[in-house]
Amino acid sequence: MRRVMPFTIVTVTGLFMLVQYFIPREEFEWLYEWTLDWIIVIGCFAMLLGLWSMTYVSVSKVRRKIPGWGYNVITLAGLFFVLIVGFVPGQASLVRGSAFMHLFEYIYIPVQASMFSLLAFYIASAAYRAFRARTILATILLVSAIIIMLRLVPLGPLSAVNQWLANFILTVPNMAAKRAFWIGVGLGATATALKIMLGIERTYMGRD
Amino acid sequence: MMSSFFLYSSSWFDFNRINVFIILGAFFIFVIYFIREAKAGKSLFVRRIAGLDAIEEAVGRATEMGKPILYISGIEDMDNLQTVASMIILGNVAEMVARYEVPLLVPICRPFVVPVAEEAVKQGYSKAGRPDAYNKNNVRYISDEQFAYTAGVNGIMLRDRPAANFMFGSFFAESLIMAETGFSTGAIQVAGTANIHQLPFFVVACDYTIIGEELFATSAYLSKEPKLLGSLKGSDLAKFLIMVSLIIGALLETFGITKFTSWFSVQ
Amino acid sequence: MDNGKSNLYDWMMNLDRRWVYLVIGVVVTLTAIAPFKVPVYVTPEVRNIYNFVESMEPGEVLMIGVDYAPEAMAELHPMNYAITRQCFAKGIKLLLCCLHQNGPGMVEQVIAQVSKEYDKVNGVDYVYLGYKPYPAITILAMGQNFRIPFPEDYYGTSLDSLPMMRNIVNFDNVQAIINISAGSATEYWINYANGRYNAKLAIGVTGVMTSDYYPFLQSGQIFGIIGGMKGAAEYEDLAEKGGYISRKKDQLTAFKSMPIQTTTHIVVILFIVLGNVGYFMSKKVK
Amino acid sequence: MGTHDIIFNGIAAFLTISIYTFLYKDNPFYKFAEHLVVGVSAGYFTVILYFNGFVPKLIEPLKQEKFYYILPAILGLMIWTRFSRKWSWISRFSLAFYIGSGAGIAIPLYIQNFVIRQLSATMLPVGVSTWPLITNILIIIGVFCALTYFYFSKEHTGAFGASAKFGIWTLMVGFGAGFGLTVMGRVSLLAERVVFLRDYLSELFKYLS
């Protein structure tokens, strides 16, 4: 029961999802969409598991007064404050101007956008450090990146030449690289999925 | 249902997808055939995957220094195959680490990955004969949100100073933030993903990068069961046939024969 | 050999990453405070789209599929604004729809502002169909009749009671479709709207996605690509010359951020050059 | 800007700068912003998932007496057995469903979109008479060689090794191009943030004076 059942479920659901792809009947489409709903519902319950895990780690840090525990208090305070302003007014909290949306707009969005824009700095330092013509591979990487970046720098008459080169890189070697890459990934992923579906690969689920 | 206006038929098979069906069927047969061969004890040659040495070397260095090892499994859920491959690799990394007294930190982005990662690490530890060394608190959920997760992982890199960072799975924009922070702490970094947009950043910022299909191959290789290598053989045979049909298709197209190529078009 | 020289080369190679951050930060801030004008090289794939819209007659209909969320706003909003302004200025009618779950807000933001500028009326000069999940099915259904996936518009009015929709059944009644997208929706538009129904299609996508779609341009499945901030700046440049948008009214968002793009790109390239010069010179010294 | 905007945009500006301080080094401001956003985002996602997932996909159907929707709820509840040492094995049922359906959905899509579509797109007419025909040859050679790089059953030596080498070169050109293209997008975001701070500061001075 403990061992066999999960793998039976994997095989059955996997096979169903695979087979329905080839069956154009409406009742199968309906079953498929219903199963997609299952995934969303299970995800909701899983979310609580995550919340529990997070709260548990934070609370235990605060309790044991591990250095920096004050920050865990901030995490917990942020979490419960959002839950309160989100759930207490009900659906109304999703309307623009509510306390809940304020938290979204003035805390979540700016932090997210700032984290994202840190990448502009990181991309520069990574390029400076790693783009050295030490090996052939590094040189190829470097030259290709510079040609693409130069598109944004006005070079006078050279702009047209560079534009042509950039276009060539994007449409020929870059295209070839992507195609081969996707074919490889497609085969590798399908083989992995097949092994899981047929229960050949089982190491991802614990022992007893 | 709106789609019922025109999309459905009473047929039990979608003949528009017969090409997918045939190719998929052939692929299944290849994989299963080679797995059987391997099970029967026939030795199959598979070249050594360079990424494996990189993983072992990184674990070795971290344990020598007595510092923690950080394992990041990407930001997608268990329904993504890259995450599954990453969990298989995690189990094997745990087995390598278990023999030494260094913690293996596994911060996680999706709640559903937590139980799988816990099992993978636990199993790795008990395989190495050290089930007691397993610490539940080291596998922890951080946040579902991409950048909150990234911020949390950055924090671990800076405060726990892991000597080795592994990043295997499905990554997005956070890849470079993590890899650069990891570089600044001097950790040895091995990364692998099948998300092509992020590979440039791993290639640039990490010591070793596992590219695309190699991620799935590594997970198969690490499982150490010879039968699992059968899938690599199967996918190689498929690749060979793809290369052959690529040449045939191109030649036929050149002479204006499009029947062959149009058979491959999918809707 | 000379110790000072090799020290210099070492310095060039091993700058602390924080110096890189500082230079980028300073350059971006300075350019933001005191911007300058950068010439933009207009590529044919952007010009094609502009010229097509130019060739349309007042009263004809252009469809815009808006499939991006706030994360991609910085890159995609500018082109959306420029095209919408050009259309309204020329009296072209717009049909809008959305296949990305966080997209509806994006459409509203643009259409609310631009329709006010040009005094355009909902239902007469433009129709916003709203959002539907499952892009493939939705596009296929629209190819039959817009009323299948969208019996009502975004605001809950039945399509049949909207004056603009009177003679519009499906893709055959729109002159072209422009899909502005940050994700996989583009592929569905290409495969289904163009592939199945042969609709005339052009796309606007984020910078990262751009290169993926050039093959479709070559094969003629799409007639133009606007790629990221640079593509948007090219479009704004054309639209400004055409007199549809104006610098005075602060309508050249992408164009205005081009100086920041240019200076940062130059800085990044210079850093790469610096590192490599240091590397080669120190190898020579040794 | 009114008082409301000045205060709330002020919070946003403060958090933005706090994040940027990380570029210099880890510090209390960054840690504050980091821990705050971890808590806030977890809460935010819970609320959103409840209203956009749980309500329409479970509560509404049950209200409409579609009782078969109780099945996914049971599977969902099973995950919570993880809290018990004795019953935690039950949680594997829901996990199995999740992984199984993920694998089943993925198989045909990977084969269709990643393998067949890429293959058929590469079957191009070749020749030397026009430039597009020449580029087609180059694309086909590139794809062919890059595929040999991903070939595991043979050592990369001899002619095969040369082909794999050319393949990895092609991949590197692609990665370089990807890197170059991404710079533009990231700088767009930085520009947006800097302009936000610039505008906020000028508004703040106006407001204060």
Side-chain angles (χ1 to χ4, degrees), chain A residues 2 6 9-10 13-14 17-18 21 37-38 40-42 44-47 49 54 71 74-75 78-79 82-83 86 94 103 106-108 110-111 113-114 116-117 119-121 123 137 140-141 144-145 148-149 169-170 172-177 179-180 182-186 189-190 193 196-197, chain D residues 8 11-12 15-16 19 23 31 35-40 42-44 47 49 53-54 57-58 72 75-76 79 89 92 94 96-97 100-101 103-108 110-111 114-115 118 122 135 138-139 142-143 146-147 150 169-174 176-177 179-180 183 186-187 189-190 193:
Chain A
R2 295 185 185 192
I9 296 177
V10 168
T13 47
M17 287 305 209
L18 171 60
Y21 173 85
D37 285 353
W38 287 39
I40 296 171
V41 173
I42 295 175
C44 295
F45 286 94
M47 181 81 211
L49 202 67
M54 196 181 109
Y71 295 112
I74 294 168
T75 302
L79 170 67
V82 178
L83 290 180
L94 299 186
L103 286 172
Y106 296 106
I107 294 183
Y108 177 82
V111 171
S114 311
F116 223 128
S117 65
L119 282 165
F121 297 97
I123 224 171
L137 285 186
I140 293 173
L141 194 69
S144 156
I148 300 297
M149 283 193 266
I169 286 181
L170 290 178
V172 181
N174 174 57
M175 187 62 54
R179 294 250 168 91
W182 289 132
I183 290 174
V185 167
T190 310
I196 289 165
M197 202 175 75
Chain D
F8 281 99
I11 296 173
L15 290 171
T16 301
I19 293 288
L23 289 170
K31 278 191 221 169
H35 283 85
L36 181 67
V37 84
V38 166
V40 168
Y44 175 77
V47 174
L49 200 59
F54 199 74
K57 297 294 180 195
L58 183 63
L75 269 184
I79 310 171
W89 55 274
R92 275 191 210 138
S94 20
F97 174 82
S101 58
I105 293 173
I107 289 174
Y110 270 107
I111 286 289
F114 286 30
V115 179
Q118 302 299 331
T122 317
T135 59
L138 297 175
I139 290 176
V143 173
L147 277 175
F150 290 117
W169 290 359
T170 311
L171 285 169
M172 284 297 156
V173 175
F179 191 102
V183 177
R186 302 302 181 241
V187 172
L189 288 156
L190 176 60
R193 282 286 92 188

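So you know, we letter chains A, B, ... as the sequences are listed, proteins then strands, and number each from 1.
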Margin query: Evaluate D:Phe114 against A:Ile183 for side-chain contact (heavy atoms from CB on, under 4.5 Å), listing each step before the verdict.
Written below: CA-CA 5 Å; D:Phe114 286 30; A:Ile183 290 174; over 6 Å; no
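To the nearest 0.5 Å, the span separating CD1 on A:Ile9 from CZ on D:Arg92 amounts to 11.5 Å. Separating the CZ atom in A:Phe45 from the CG atom in D:Leu75 is a distance of 10.0 Å, to the nearest 0.5 Å. Atom CD1 of A:Ile42 is separated from atom CG of A:Asp37 by 11.0 Å, given to the nearest 0.5 angstrom. Taking CE of D:Met172 as the start and CD1 of A:Ile140 as the end, the distance is 8.5 Å to the nearest 0.5 Å. Of the inter-residue distances, the one linking D:Thr122 atom OG1 with A:Arg179 atom CZ reads 4.0 Å to the nearest 0.5 angstrom.
Top candidate by heavy-atom pairs under 4.5 Å with chain D, chosen from A:Gly184, A:Ala189, A:Cys44, A:Gly86, is A:Cys44. Taking D:Tyr110, D:Tyr44, D:Phe179, D:Phe150 one by one and counting their heavy-atom pairs under 4.5 Å with chain A, the maximum is reached by D:Tyr44. Options D:Ile11, D:Ile105, D:Leu58 differ in how many heavy-atom pairs under 4.5 Å they form with chain A, and the most are formed by D:Ile105. Ranked by heavy-atom pairs shorter than 4.5 Å toward chain A, the options D:Gly174, D:Gly76, D:Ser94 are led by D:Gly76. Contact tally against chain A (heavy-atom pairs below 4.5 Å) for D:Val40, D:Leu171, D:Val115: the top residue is D:Val40. Most heavy-atom pairs under 4.5 Å with chain D, from the set A:Asn174, A:Leu18, A:Leu103, A:Thr13: that is A:Thr13. Across A:Met175, A:Met197, A:Met17, A:Met149, the residue that shares the most heavy-atom pairs under 4.5 angstrom with chain D is A:Met17. No other option in A:Ser144, A:Gly186, A:Pro173 has as many heavy-atom pairs under 4.5 Å with chain D as A:Ser144. In terms of heavy-atom pairs under 4.5 angstrom with chain A, the leader among D:Gly53, D:Ala146, D:Ala177 is D:Ala177. Between chain A and the options D:Ala103, D:Gly142, D:Ala12, heavy-atom pairs under 4.5 Å are most frequent for D:Ala12.
A:Ile40 touches chain D through its side chain: at least one heavy atom from C-beta onward sits under 4.5 Å away, while N, CA, C and O do not. In this structure, chain D has a heavy atom under 4.5 Å from the side chain of A:Ile196, while its backbone stays farther away. For D:Val37, the part sitting under 4.5 Å from any heavy atom of chain A is the side chain, from C-beta outward, and nothing else. Contacts between A:Ala113 and chain D at a heavy-atom distance below 4.5 Å involve backbone atoms as well as side-chain atoms. Only the side chain of A:Val41 comes within contact range of chain D, with heavy atoms under 4.5 Å apart. Both the backbone and the side chain of A:Tyr71 come within less than 4.5 Å of a heavy atom of chain D. Contacts of D:Leu147 with chain A are made by both backbone and side-chain atoms, with heavy-atom separations under 4.5 Å. For D:Ala106, no part lies under 4.5 angstrom from a heavy atom of chain A.
For the pair A:Leu170 and A:Ile148, the minimum side-chain heavy-atom distance is below 4.5 Å.
Across all their heavy atoms, A:Ser114 and D:Arg193 have their closest contact at OG-CD, 3.7 Å. In this structure, A:Met47 and D:Ala42 approach most closely via the heavy-atom pair CE-O, 3.7 Å. The two residues D:Phe97 and A:Trp38 make their nearest non-hydrogen contact at CZ-CE3, 3.4 Å.
A distance-only check finds no donor-acceptor pair linking the side chain of A:Ser117 to the backbone of D:Leu189 [under 3.5 Å].
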